[in-house]
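Heads up: the structure comes next, in structure tokens.
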Number of protein chains: 2
Amino acid sequence: MDTLSQTLSALADPTRRAILAQLAQGEATVNDLARPFDISLPAISRHLKVLEAAGLISRGREAQWRPCHLETAPLKAVDTWLGDYRRFWEGSFDRMDAYLQLIQQKPDTTGDPQ
Amino acid sequence: MDTLSQTLSALADPTRRAILAQLAQGEATVNDLARPFDISLPAISRHLKVLEAAGLISRGREAQWRPCHLETAPLKAVDTWLGDYRRFWEGSFDRMDAYLQLIQQKPDTTGDPQ
DNA sequence: GCGTTAATTAACACATATGTTAAATATGGA
DNA sequence: TCCATATTTAACATATGTGTTAATTAACGC
């Protein structure tokens with residue numbers, strides 16, 4: 001799976017987004033992160049695995065604790081991807097832009113806007 | 001499922017992102033959108049259904065064609081959500097910010113950073 | 001060593017996602 | 001009416017995601 005898909009897929013779960021929000025406050029252990037939720041610890045553990053695989057968190061080791069830390073590189077990548085569409089809602093995209101696009105050839109297959 | 005999760009889930013598929021990129025060039029029919037891909041038309045039709053359910057596209061009706069149109073509101077919502085994390089990679093988040101966060105109480109359960 | 005706490009892995013259940021092919025529906029035009 | 005084109009729906013196969021409980025691994029401290 002490509003990186004961006006993996007990131008967006010990881011972010012598509014509300015529990016995982018809530019975990020990231022908690023980590024935005026600073027490092028936390030698995031138990032810390034699990035406390036607000038009604039789901040089991042193994043479930044949280046697997047959510048963290050998904051987040052780690054996507055590079056959205058990193059994990060240290062302090063005795064029997066595994067402190068989790070927010071990593072923003074993938075979020076930045078989402079922001080960059082989104083940036084290509086930003087003109088569509090920021091007013092710079094008007095009827096003339098639409099016309100200029102219409103007279104262009106059909107696009108690529110890369111998954112990115114042009 | 002909450003709106004943001006639905007949006008991110010729809011965006012997590014590379015085929016669907018490529019479809020959006022095509023639509024960034026202007027309206028297109030289902031066949032237009034299917035052309036660049038090696039998958040069947042029904043598969044594309046279902047991808048479009050997912051995008052439409054997430055509000056990322058809208059569909060008109062012209063004879064037997066169903067022209068698709070990019071809708072940016074959900075993308076804007078992603079941008080807004082992401083904005084809360086932007087300070088983490090934009091330099092305004094330094095050691096003092098980290099300290100201020102550390103002395104705060106642990107956060108909410110809303111899925112949003114504070 | 002042994003019990004306690006922290007976290008992960010195993011085994012399972014169940015729902016959802018994504019693709020296929022074949023059939024159905026909708027519209028335009030000879 | 002009847003055929004061609006555009007698109008969707010049906011039925012199916014298969015993979016992945018998310019949760020559970022029970023068992024396992026890792027590290028601390030008496």
Side-chain angles (χ1 to χ4, degrees), chain A residues 1-20 22-23 26-69 74 106 109 111, chain B residues 1-20 22-23 26-69 74 106 109 111:
Chain A
M1 198 199 275
D2 64 290
T3 308
L4 188 54
S5 297
Q6 197 175 6
T7 300
L8 291 167
S9 179
L11 294 175
D13 184 284
T15 301
R16 287 195 288 264
R17 288 200 308 281
I19 287 172
L20 293 183
Q22 249 185 290
L23 291 175
E27 285 202 348
T29 68
V30 178
N31 262 295
D32 289 340
L33 294 170
R35 199 159 299 119
F37 303 103
D38 275 341
I39 60 180
S40 66
L41 210 57
I44 297 291
S45 187
R46 292 175 72 162
H47 279 304
L48 293 174
K49 204 176 207 173
V50 172
L51 290 171
E52 189 178 30
L56 284 158
I57 66 169
S58 58
R59 289 197 263 190
R61 185 178 277 285
E62 285 176 29
Q64 68 266 52
W65 292 277
R66 305 292 311 273
C68 298
H69 182 265
K106 279 286 150 56
T109 53
Chain B
M1 197 200 276
D2 66 290
T3 308
L4 188 54
S5 296
Q6 197 175 6
T7 301
L8 291 167
S9 179
L11 294 176
D13 185 284
T15 300
R16 288 195 287 265
R17 287 199 308 281
I19 287 173
L20 293 183
Q22 251 185 286
L23 290 175
E27 285 201 349
T29 68
V30 178
N31 262 296
D32 289 339
L33 294 170
R35 200 159 298 118
F37 302 104
D38 274 342
I39 60 179
S40 67
L41 211 56
I44 297 292
S45 187
R46 292 175 71 164
H47 278 304
L48 293 174
K49 204 176 207 172
V50 172
L51 290 170
E52 189 178 29
L56 284 159
I57 66 169
S58 59
R59 288 197 262 189
R61 184 178 278 285
E62 284 175 30
Q64 69 265 52
W65 292 276
R66 305 292 312 274
C68 299
H69 182 265
K106 278 286 149 54
T109 51

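Each chain gets a letter, A, B and so on, in the order its sequence line appears, and its residues count up from 1. Note: hydrogens, waters and symmetry copies are ignored here, and every other heavy atom, side chains too, is used.
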Where do N or O atoms of nucleotides 18-23 of chain D meet protein N or O atoms at under 3.5 Å, pair by pair?
| residue | atom | partner | partner atom | Å |
| --- | --- | --- | --- | --- |
| D/dT18 | OP1 | A/Asp13 | OD2 | 3.4 |
| D/dT18 | OP1 | A/Arg16 | NH2 | 3.3 |
| D/dT18 | OP2 | A/Arg16 | NH1 | 3.1 |
| D/dG19 | OP2 | A/His47 | NE2 | 2.4 |
| D/dG19 | O6 | A/Arg46 | NH1 | 2.8 |
| D/dT20 | OP1 | A/Ser40 | N | 3.3 |
| D/dT20 | OP2 | A/Ser40 | N | 2.9 |
| D/dT20 | OP2 | A/Ser40 | OG | 2.4 |

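- Nearest heavy-atom pair, A/Thr29 versus A/Trp65, reported as atom, atom and distance to 0.1 Å: CG2-CD1, 3.7 Å.
- For the pair B/Arg16 (side chain) and B/Ala10 (backbone), a donor-acceptor distance under 3.5 Å is present.
- Whole-Å rounding puts the B/Glu52 CD to D/dT9 P distance at 10 Å.
- If you measure from atom CG of B/Leu8 to atom P of C/dA17, you get 14 Å, rounded to the nearest angstrom.
- Contact check, B/Lys49 against D/dT7: no side-chain N or O comes under 4.0 Å of OP1 or OP2.
- Remark: the backbone N or O of A/Asp32 is paired with a side-chain donor or acceptor of A/Gln22 at under 3.5 angstrom.
- In this structure, B/Leu33 places its CG atom 12 Å from C1' of D/dT7, rounding to the nearest Å.
- Partner of A/Glu52 under the salt bridge (charged side-chain N to carboxylate O under 4.0 Å, His left out) criterion, out of A/Arg59, A/Arg66, A/Arg46: A/Arg59 alone.
- In this entry the distance linking CG of A/Leu51 with C1' of C/dT8 reads 16 Å, nearest Å.
- Scanning all heavy atoms of the two residues, the minimum distance from A/Leu33 to A/Pro36 falls at O-CD, 3.2 Å.
- Within the model, atoms CG of A/Leu56 and CZ of A/Arg17 stand 12.0 Å from one another, a figure rounded to the nearest 0.5 Å.
- In this structure, A/Met1 atom CE and C/dT18 atom C1' are separated by 12 Å, rounded to whole Å.
- At least one donor-acceptor pair under 3.5 Å links the side chain of B/Ser5 to the backbone N or O of A/Ala12.
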Show me the protein contacts with nucleotides 2-5 of chain C, counting only N or O atoms at under 3.5 Å.
none

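- Taking only side-chain nitrogens and oxygens, B/Arg59 comes nearer than 4.0 Å to OP1 or OP2 of D/dT8.
- Taking atom CG of residue A/Asn31 and atom C1' of nucleotide D/dA27, one finds them 14 Å apart after rounding to whole Å.
- Between the side chain of B/Thr7 and the main chain of B/Thr3, a donor-acceptor pair closer than 3.5 Å is present.
- Between D/dT8 and B/Ser45, a contact under 4.0 Å exists linking OP1 or OP2 to a side-chain N or O.
- The minimum heavy-atom distance linking B/Ile57 with B/Leu48 is given by the pair CD1-O, 3.6 Å.
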